[in-house]
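Comments concern the structure below.
Per chain, numbering begins at 1; letters A, B, ... match sequence-line order. Values reported hereafter were calculated over all heavy atoms of this structure, with side chains retained and with hydrogens, waters and symmetry mates removed.
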Amino acid sequence: MPLFDRDTTIFRDEDVLREDYQPDSIQERDEELDAYKTALQPVVNGAQPRNVFLYGKTGVGKTVATRFLLDHLRRDVEEYDDVDLSIVWLNCNNLTSSYQVAANLVNELRPANEQISTTGYPQQKIFDMLYDELERLGGTVLIVLDEIDHIGDDDDLLYELPRARANGYLSAGKPGIIGISNDFSFRSGLSPKVKDALCEEEIHFSPYVASELESILDQRAAKALHDDVLADGVLPLCAALAAQDTGSARQALDLLYKAGDLARSQDVAEVTEKHVRDAQRALERGRIKQGMVELTQHGHLSLVAVLSLALEEETPARVREIYPRYRSAAEYVGTNPLVRRRMHDHLSDLAMQGILHRNTRNEGRAGGKYYVYDLDVAVEMVMDVVDDLETVDLPPTVVRQAEQTDLTAH
DNA sequence: GATCCACAGGAAATAGTGGCTT
DNA sequence: AAGCCACTATTTCCTGTGGATC
């Protein structure tokens, strides 16, 4: 009997539920697509493209719609000899300044052997390079800046680029910006001069409601899964859970995928509502675990400090109590401990990520105001993650304590 | 209602890294 | 080699805050 065996009971084609799958039609976004299409019309006419801004939370179809329309645009434009279209796609995730975005754009446009470093040049120099590249490319250049809100309020590039032609930096190149933002408040953070230039067309994508999610799931499930493997109510449940939480199609699809995956691993032929609920828990845990693994070393040490208090049932604990634990954890691994102020920032980060739970206490004149922290996830899970980390070792006292609690627990 | 505790969290200064320019 | 430039992480300093107590 083979160790691996092709399993075909649940999934017909699981790729259809994955993030990078591009559906052949977009559901439940007719109005947005219409507006978007209109905004892109000048490109077909060979005119200077308009700048477009898309707003909406993650997983509401901004990126999919953009990919979809640009694909068609690219194909349709081939019919006209006088339109020369290039598309540059840049995800601004973890780019925090105009400078970095510009530098990365240059790299996108340049061949692999002429890449530039993303620090070191004066800002204007980077912009000049960018203009050179755009000019060299010529024709219409659509620049898609995905997750543009990550650059915060540093909007120099967004100010410069739309004006490049007017200012005489470009003659052959006709750039157009398509900005995609997860955060509507990004708009209000922009300086007024940028707002005028950039936000010629704004398209809002609202979160999906349950019924919309359900029809999206329906369509995908038909392709991804075999017939009759879904119990009644599975799709509506996926839709409802996702609608309540984020209204994101991504989340709904992940839920369905994970639920199917669970059913498959249990060797059952039907996906039930229980699978969906289990999937929801599993995804949430996975998300938090991932967050924990990706912390910096001092983040890990701060977590260990709280962990050690939790094991002794000394939580919730205030910073005053956590900090000494943190110091000894740091000394144990041979790292210089940070000052209290800074460690507190790490604690705040942990709380933000849902790893720690934070409460305000106020004892008035007698004790003043302060925070108390507690683990917001199971101790075992933290142990599990921390055990595997290379940057951190658990001090022996913590290990001992863990063993003891384990014994009493069993 | 004024006081005052203990600290949260903003802001500015500093350290440190990597890379360009002359 | 010395002087820039941009960026990140940290330290240092300090003001503002909420509510029990006076």
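Nearest heavy-atom pair, A:Pro316 versus A:Glu321, reported as atom, atom and distance to 0.1 Å: O-OE1, 4.5 Å.
The 12-atom threshold is exceeded at NZ of A:Lys174, counting heavy atoms of other residues, nucleotides or ligands nearer than 6.0 Å. The number of heavy-atom neighbours closer than 6.0 Å to CD of A:Glu114, taken from other residues, nucleotides and ligands shown, is above 12. The neighbour count for A:Asn336 CG, taken as heavy atoms of other residues, nucleotides or ligands under 6.0 Å away, does not exceed 12.
When rounded to the nearest whole Å, the span between OH of A:Tyr121 and C1' of B:dG19 equals 8 Å. Separating the OH atom of A:Tyr323 from the P atom of C:dT10 is a distance of 12 Å, rounded to the nearest angstrom. Distance, A:Gln115 CD to B:dG18 C1': 17 Å, rounded to whole Å. Computed from coordinates, the A:Phe127 CZ to C:dC5 P distance equals 16 Å when rounded to whole Å. For the pair A:Arg342 CZ and B:dA11 P, the computed distance is 16 Å after rounding to whole Å. Following rounding to the nearest Å, A:Gln123 (CD) and C:dC4 (P) show an atom-to-atom distance of 19 Å. Summarising the geometry, the separation between CG on A:Leu157 and P on C:dA6 is reported as 14 Å, rounded to the nearest angstrom. Between the NZ atom of A:Lys125 and the P atom of C:dA6 there is a distance of 13 Å, given to the nearest Å.
A:His300 places a side-chain N or O within 3.5 Å of a backbone atom of A:Met292 that can act as its donor or acceptor partner.
A cation-pi geometry, defined here as NZ or CZ lying under 6.0 Å from the six-membered ring centre and within 45° of its normal, holds between A:Arg18 and A:Tyr257. No cation-pi contact links A:Arg358 to A:Tyr373, judged by a cut-off of 6.0 Å to the six-membered ring centre and 45° from its axis. Both the sub-6.0 Å distance and the 45° axial angle are not jointly satisfied by A:Arg29 relative to the ring of A:Tyr36.
In the set C:dT11, C:dC7, C:dT10, C:dT10 carries the atom at the smallest distance from any side-chain atom of A:His298. Side-chain atoms of A:Ser117 lie closest to B:dC20 of the nucleotides C:dC7, C:dT11, B:dC20.
Within 4.0 Å (heavy atoms only), A:Ser97 reaches sugar-phosphate atoms of the nucleic acid but no base atom. Base contact: A:Arg341 has a heavy atom under 4.0 Å from a base atom.
A heavy-atom distance below 4.0 Å to DNA chain B is reached by these residues of residues 355-371 of chain A, ordered by number: A:Arg358, A:Gly364, A:Arg365, A:Ala366, A:Gly367, A:Gly368, A:Lys369, A:Tyr370, A:Tyr371. Near DNA chain B, meaning a heavy atom under 4.0 Å away, the residues from residues 343-353 of chain A are A:His344.
For the pair A:Arg318 and B:dA6, the criterion of a side-chain N or O lying under 4.0 Å from OP1 or OP2 is not met.
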Tell me, with the steps shown, if A:Glu363 and A:Tyr370 meet side-chain contact (heavy atoms from CB on, under 4.5 Å). CA-CA 9 Å; A:Glu363 291 172 22; A:Tyr370 56 90; 2.4 Å; yes
